[in-house]
Amino acid sequence: MGSLGSEGTAQHVAEAKRVLRHEVFRKRKSTTASMSMRAGEQCAQIACESGLFDAHSSCIACHVSMGTEVSTIPLLSIALGCGYRVLVPNVGADLSVGWTLLASLDDLLHMQTPQGEHAGMPPEPRGEMLPPQALEACSRIIVPALLVNLDGVRLGRGAAWYDRALRYANPRATLTAMCWPWEFVDAPLPCEEHDVRMSAVLTPREYRDLRSPR
């Protein structure tokens, strides 16, 4: 779907996204914390085998999982253990875009999930808030997805935080959507001009480079 030609079209896309989000969250209700951690361990293993962590990746960015998302704790643990600089999202009080350098997994114990109107945003890490431009140093960027398809169209939670954040990504960086296996689909998804497309997908079953010929 290209540019929005009218307010009616914009409303149609917004409603389509709302319906899909509702369906995804309904299906995610069947997942558990142990399933999330196990899925995260599988993603970490696949990421290592696929070369996501390599000698050319001295700095990566990765979301901190919450709720029913696949856990990113195993991925973050490996990245820190390999000596990478790891940036995690830092959402300002006004939902501004920023990042924090994760020093250790212990820092995750001090993270607080935003409440009220900020609910659904990444947890807030302890540490200095770096500007949006900090993302330019990252060659690998891993973000959460509710749905993603073969064209790289990603459905997020609806606040467009990652779409705004990824505008500062290095053009050569690999943008990887991380989700449950059934959320990687071979079907069209509603898309708007501000939606940043992914270049790869990571699930507990596979790592797929979406830039490769199909």
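These figures come from a predicted structure and were not determined experimentally.
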R167 vs V97 side-chain heavy atoms within contact, under 4.5 Å: no
C62 side chain near L76 side chain, heavy-atom distance below 4.5 Å: yes
Does [X], at its [atom1] atom, have more than 12 non-hydrogen atoms belonging to other residues, nucleotides or ligands within less than 6.0 Å?
X    : atom1 : result
R172 : CZ    : no
H22  : NE2   : no
Y207 : OH    : yes
E128 : CD    : no

Under 3.5 Å: donor-acceptor pair, side chain of D151, backbone of V153: no
Check: W161 side chain, S96 main-chain N or O, donor-acceptor pair, under 3.5 Å: yes
Pair R28 + E183: basic N to acidic O under 4.0 Å: yes
Ionic contact status for E23 with R26, cut-off 4.0 Å: no
Derivation and outcome, side chain to side chain donor-acceptor pair (under 3.5 Å), residues T32 and S34: CA-CA 5 Å; T32 64; S34 60; 3.0 Å; yes
Residue pair Y84 / F53: nearest heavy atoms and the distance that separates them: OH-C, 3.2 Å
Closest non-hydrogen atom pair, E15 against R18: OE2-NH2, 2.7 Å
